Amino acid sequence: MLGREYPYRLLSRLSPPYTTQELDADLQRLTDHGLQEAINNGYNYTFRHPLMRDVAYDSQLRAVRRGMHGQVVDLVDSEPPLARDVPDILLAEHCLAAERTIRGLELLLQVAEDALRRSALRAPRSMLERVLALSAELDQSGKRDLIQLRTISLLGPLVTLLDGHRSASALYETGKELYFAVHASERAPFFPVLWGWWFTAGDLIEQTRRSEILIRDVTPDADRESRLQALHCGWATLFDGGAHDRCLTAITDGLSLYDTETAQRSRYKYGHDARVCGLGERTLSAWLTGQLDLSAQSIQACEEWADETGHLPSRLHALDIAMQVAFFNRDPSGIDRVLSKIESISQADAVPVIAAKRQIFRSWARVRNGGDADIEAVEQGLHALHGFGVLEDTPFYADIAAEVRAHGGASSRAVGRLEDDIADAKATGLTFWLPELLRRKAVLTNGAAAEAALDEGFQIAQAQNAQMLALRNLSARIDLGLAIPSDQVATMAEKIGHVSDCRLRRQVANALGI
């Protein structure tokens, strides 16, 4: 009843009809017959083989077993020191076997949550999936719904991390329905479920619609953490749509609400730490708007804080962004540094999305270092990301793929895919990297099509205040020998003063005489 290994102290408390002498005599007889053995100097006993325990357990009537499991629960409740002999994971099993299901599920949830705080992945996932399955067998009630909401708030980020957005989408869809089914006064602890529903949307247009629902649910008197996470969703959506100035403002507003102690309890419910994400998005938007010093400071702070948290998904999120900014800077050595750091992190290989991204970045870095283009590796990485339903940064990876394809001599194939990628970016609203996709098209096509692509790209870059992409656009015109329209020269003359000093700025300024 107590498992394969059982403590003498607990056994003696569960055997009140026995005297100590009688219990000791029976235990000795079992030992003499080779059925069990004493361990830990007689403080514990264990069955010599698990099958012996199973046969003994199964020989008891179900009602008897249920009653005895209930006795264990009652005894631990009445004598708290005995909890040392019956940890929560075992007490949960006793509760479930005694058909005290609600309490058993709540204990399993607590054990899973404790494991998540230690960045465990597989074990808590298995526990949470079991809780969800067992809770579905309960009669419908407010208590059951609250258990399922809590389960989804913990399980959703794990499924997203390990299986991808698409796998988690249905789970969060169920969670969203439960969220709005419970009374408004009970929803606050389960806001991560609504956030996960937003995060796993199929495209930016749907994500934007969901963000409006999420932000609307955060009333003016909501707690600081909920307001922070609403802004967290806001800055991610703004970045994807190329609204960089508004994104940077949302990050500043959100990080002013960040609380280190609260974050320890919430980062594993939101998938990653909000400060890590805010510093990371600031890195990218600051670079795109030409604030290169701010970008460099932010990525350093992002990595340092991610390491400080010790939270696996947050560390991987920071390093994902570090790879992106290294690509922005055309820095293959930076890619190599980040890849090496990822490889040194325990359990990083358990996250397939990161593995796919590493494959893509590694192929690009190899090309930049003068190696051969491994087009197949990039295609496999892209296919994996699409299969996982990864929404963010797909235009960015499409650009990397186009560069590798072109380097490998597949320029016509690269252009054909680029046309689809440009159309997808426009259709989904993921436009933050659209100017670069258009520049890449121009470089690969030349002629009138190139000029039209650059004109469109320059206008989009200016609408987003993505001055680094505007400078790249003009640099491509210079390299291709295309005339630069006077209105673009005038616009750049007005904007270039806001861009940090760098080689690209100096090149364009000298060419334009500004």
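Keep in mind it's a predicted model, so treat the numbers as computed, not measured.
Taking a cutoff of 4.0 Å between a charged side-chain nitrogen and a carboxylate oxygen, R125 and E129 qualify as a salt bridge. The pair R275-E308 does not meet the salt-bridge criterion, since no charged nitrogen lies less than 4.0 angstrom from a carboxylate oxygen. We find that E212 and R209 are not joined by a salt bridge, their nearest charged nitrogen and carboxylate oxygen being 4.0 Å or further apart.
Under 3.5 Å, the side chains of W235 and D253 contain no donor-acceptor pair of N or O atoms. Using modelled atom types, one finds no donor on one side chain facing an acceptor on the other under 3.5 Å when comparing T262 with E225. A donor-acceptor pair shorter than 3.5 Å can be found between the side chains of D114 and Q110. Q347 and S119 share no donor-acceptor pair across their side chains, judged by distance under 3.5 Å alone. H232 and H272 form a side-chain donor-acceptor contact under 3.5 Å, judged by distance and modelled atom types alone.
Closest approach of S298 and R282 over heavy atoms only: OG-CD, 3.2 Å. Summarising the geometry of A402 relative to R440, their closest heavy-atom pair is CB-CG, 3.9 Å, with the distance given to 0.1 Å. Nearest heavy atom pair, residue C277 against residue H317, reads SG-NE2, 3.5 Å. Of all heavy-atom pairs between F458 and A470, the closest is CE1-CB, 4.0 Å. In plain terms, the two heavy atoms of G242 and Q464 that are nearest each other are O-CB, 3.1 Å.
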Between side-chain atoms of residues 350-365 and protein atoms elsewhere (two or more places apart, or another chain), which donor-acceptor pairs fall under 3.5 Å?
{"residue": "K357", "atom": "NZ", "partner": "D320", "partner atom": "OD2", "Å": "2.7"}
{"residue": "R358", "atom": "NH1", "partner": "D349", "partner atom": "OD1", "Å": "3.0"}
{"residue": "Q359", "atom": "NE2", "partner": "A377", "partner atom": "O", "Å": "2.8"}
{"residue": "Q359", "atom": "NE2", "partner": "Q380", "partner atom": "OE1", "Å": "3.1"}
{"residue": "R362", "atom": "NH2", "partner": "E343", "partner atom": "OE2", "Å": "3.0"}
{"residue": "S363", "atom": "OG", "partner": "Q359", "partner atom": "O", "Å": "2.9"}
{"residue": "W364", "atom": "NE1", "partner": "E403", "partner atom": "OE1", "Å": "3.1"}
{"residue": "W364", "atom": "NE1", "partner": "E403", "partner atom": "OE2", "Å": "3.3"}

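Other residues, nucleotides and ligands contribute only 12 or fewer heavy atoms inside 6.0 Å of the CZ atom of R246. In R506, the CZ atom is crowded: over 12 heavy atoms of neighbouring residues, nucleotides or ligands sit closer than 6.0 Å.
Side chain of R227 to main chain of A222: a donor-acceptor pair is present (N/O by atom type, distance under 3.5 Å, no hydrogens or angles). Between the side chain of R117 and the backbone N or O of R265, no donor-acceptor pair lies under 3.5 Å.
Taking the six-membered ring for Trp and the full ring otherwise, F328 and F396 have centroids separated by under 6.0 Å.
Residue pairs meeting the ring pair (Phe, Tyr, Trp, His ring centres under 6.0 Å) criterion with at least one partner in residues 150-184, sequence neighbours excluded, are H165-F199.
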* Please test D372 against R366 for salt bridge (Lys or Arg N to Asp or Glu O under 4.0 Å), starting from the C-alpha separation and ending with a verdict. => CA-CA 7 Å; D372 295 332; R366 185 182 298 116; over 6 Å; no
* To do: In sequence, state the C-alpha distance, the side-chain angles, and the governing distance for T289 and M468, and then conclude on side chain to side chain contact (heavy atoms under 4.5 Å, CB included).
  => CA-CA 6 Å; T289 56; M468 289 297 287; over 6 Å; no
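Taking E304 as the reference, Q300 meet the side chain to side chain donor-acceptor pair (under 3.5 Å) condition, with sequence neighbours excluded.
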